[in-house]
There are 2 protein chains.
Amino acid sequence: MTHERQKAIARNSLLIRSLPEQHVDALLSQAIWRGYGRGETLFLQEEKAQAIHVVIDGWVKLFRMTPTGAEAVVSVFTRGESFGEAVALKNMPYPVSAEAVTACEVMHIPSSVFLSLMRRDPEIGISILASTFGHLHSLVAQLEQLKAQTGAQRVAEFLLNLCDGGDGTCEVRLPYDKMLIAGRLGMKPESLSRAFARLKDAGVTVRRNHAEIADIAQLRDYAESDPAESWSKG
Amino acid sequence: MTHERQKAIARNSLLIRSLPEQHVDALLSQAIWRGYGRGETLFLQEEKAQAIHVVIDGWVKLFRMTPTGAEAVVSVFTRGESFGEAVALKNMPYPVSAEAVTACEVMHIPSSVFLSLMRRDPEIGISILASTFGHLHSLVAQLEQLKAQTGAQRVAEFLLNLCDGGDGTCEVRLPYDKMLIAGRLGMKPESLSRAFARLKDAGVTVRRNHAEIADIAQLRDYAESDPAESWSKG
DNA sequence: CCCGCGACATGACTATGGTCAAGCGCACCA
DNA sequence: TGGTGCGCTTGACCATAGTCATGTCGCGGG
């Protein structure tokens with residue numbers, strides 16, 4: 001991938017796109033561009049944040065290690081998504097660790113660059129708040145899912161997000177391996193297998209990393225139905 | 001409560017305290033002060049946000065209603081805590097609803113006030129980002145808890161937060177009713193009862209809204225132990 | 001080409017927590 | 001003072017998901 005292509009992707013990222021046009025070139029030219037191999041660490045929980053990160057290509061996961069060694073996946077980002085905005089600007093310690101789950105390209109914008117620009121144009125702060133609000137929102141959505149849905153329903157929503165829009169049939173490719181999907185959805189790989197099995201009679205067929213949804217509307221019904229009544233239809 | 005006392009509490013709130021001194025009076029004088037009765041709604045999910053909210057007294061819960069009518073409590077705020085920062089400044093729809101769970105006093109700062117001040121002093125944007133980061137962080141912590149701990153362990157951590165510091169014995173008052181505690185911790189009231197029962201042999205005695213912790217260090221151990229090994233000690 | 005490893009599926013068993021129903025105690029109120 | 005309602009607890013039962021063990025498939029290395 002050429003650097004020009006990388007810059008084009010960066011410009012199109014949610015974060016950069018919402019910034020005032022005139023500052024974008026300055027930011028991009030001061031960014032640090034780096035590739036990571038699968039499994040490589042971007043940063044560790046408790047480390048002091050010094051940059052905002054924009055994924056250019058590949059997949060990055062954010063996760064927490066519990067005291068007992070279990071890993072809780074908080075989110076998974078790909079091309080055009082950014083993270084670490086709020087923490088970088090306050091020079092605080094990261095609440096999560098970040099790791100490349102596939103080989104990937106990441107742009108790092110040093111927080112000092114952002115800060116000095118921000119002092120000249122307050123609109124930039126507002127843009128960053130918008131990004132941060134997006135993360136807040138997605139965490140709230142995850143919380144709701146964990147508290148109010150069964151595993152199979154969370155998998156259903158995950159699939160729906162992959163093909164969003166329309167309500168006919170649809171084929172999607174699972175973007176990363178099932179171990180990670182399971183973690184992202186708060187379950188063990190075994191449970192994910194069983195959740196897929198259960199989704200068979202909601203019209204979902206999974207083979208390898210390839211899922212076929214017979215009827216999106218039907219699957220959406222399943223995802224939002226009351227867990228208590230699903231068994232009665234079994 | 002006098003208005004002077006209310007202003008003093010507001011000045012001491014996490015949000016206001018982190019703002020540059022010289023703008024505080026201007027902000028406070030333009031704020032809207034209001035009391036709410038138990039059960040009263042502050043705002044509804046999907047409503048457009050037009051203010052930042054600071055709790056002066058009492059308790060406020062943020063929650064989401066799922067399509068099926070179940071309620072997922074996202075957070076519970078009290079004196080000195082604020083919410084809605086990021087969403088207000090972007091004039092976005094609230095991702096959650098807010099309701100007074102006790103009679104309470106709330107200060108509302110119209111987002112227009114904040115915005116105009118922010119355009120004059122970019123430091124304010126940074127302060128707000130700090131608050132927002134705090135919320136982000138607490139949501140991440142909740143996610144980790146839900147994904148990696150049993151109900152009883154979440155209750156243990158909840159108790160530990162109420163008496164934090166030290167490692168001897170400790171008595172705490174449960175700040176709101178058990179229905180709400182259960183919701184906040186992602187379980188049903190019945191499960192909360194059983195969780196308390198289970199904590200008896202971790203040295204916790206609960207009577208009414210009053211909990212006695214025999215040994216904080218022991219309880220901390222319990223909260224962080226591997227769920228898989230807890231039964232073997234049964 | 002076969003071996004072996006790791007991802008994934010499946011089965012058996014268990015623990016955790018939700019649901020339903022019954023019962024208790026405390027507060028509010030006529 | 002004796003309802004009456006609600007918050008809370010308890011027990012029985014069951015669905016959901018974690019654990020452990022076993023088996024299969026696909027892929028890369030020797």
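Here is the naming used below: chain letters follow the sequence lines, and residue numbers restart at 1 for every chain.
Between B:Y94 and A:H137, a ring centre-to-centre spacing not shorter than 6.0 Å is recorded.
Here C:dT10 is the nucleotide among C:dT10, C:dC26, D:dG18 with the atom lying nearest to any side-chain atom of A:S193.
Remark: P of C:dA9 and NZ of A:K200 are 9 Å apart, rounded to the nearest angstrom. At whole-Å resolution of the value, CG in B:L192 and P in C:dG18 are 11 Å apart. Between B:M187 atom CE and D:dC8 atom C1' there is a gap of 15 Å when expressed in whole angstrom units. Atom-to-atom, CE of A:M179 to P of D:dG18 comes out at 14 Å; the value is rounded to the nearest Å. Rounded to whole Å, the distance from CG on A:L180 to P on C:dG6 is 18 Å. Protein atom NE2 of B:H210 is 19 Å distant from nucleotide atom C1' of C:dG25, rounded to whole Å. In this structure, CG of B:L185 is placed 17 Å from P of C:dT16, rounded to the nearest angstrom. If you measure from atom CZ of B:R154 to atom C1' of C:dT16, you get 10 Å, rounded to the nearest angstrom.
The base of D:dG11 is paired with the side chain of B:R194 by a donor and an acceptor separated by under 3.5 Å.
More than 12 heavy atoms of other residues, nucleotides or ligands shown are found within 6.0 angstrom of CZ on A:R17.
Checking A:E190 against B:A197, the closest nucleotide of DNA chain D that is more toward the 5' end is the one next to B:A197.
Closest heavy-atom contact between A:V172 and A:C163: CG1-CB, 3.4 Å. A pairwise comparison of heavy atoms in A:R64 and A:V96 identifies CG-CG1, 3.9 Å as the closest pair. Across all non-hydrogen atoms, the minimal contact from B:V106 to B:H53 is CG1-CB, 4.2 Å.
A heavy-atom distance below 4.0 Å to DNA chain D is reached by none of the residues of residues 62-74 of chain B.
Taking side-chain N and O atoms only, A:S191 has a distance below 4.0 Å to OP1 or OP2 of D:dG18. The phosphate of C:dT16 (OP1 or OP2) has a side-chain N or O of B:R198 nearer than 4.0 angstrom. Between A:K178 and C:dA9 there is a side-chain N or O to OP1 or OP2 distance below 4.0 Å.
Residues B:W59 and B:P175 have side chains in contact (heavy-atom distance under 4.5 Å, counting atoms from C-beta outward).
Taking 4.0 Å as the cut-off between side-chain N and carboxylate O, B:K61 and B:E71 count as a salt-bridged pair.
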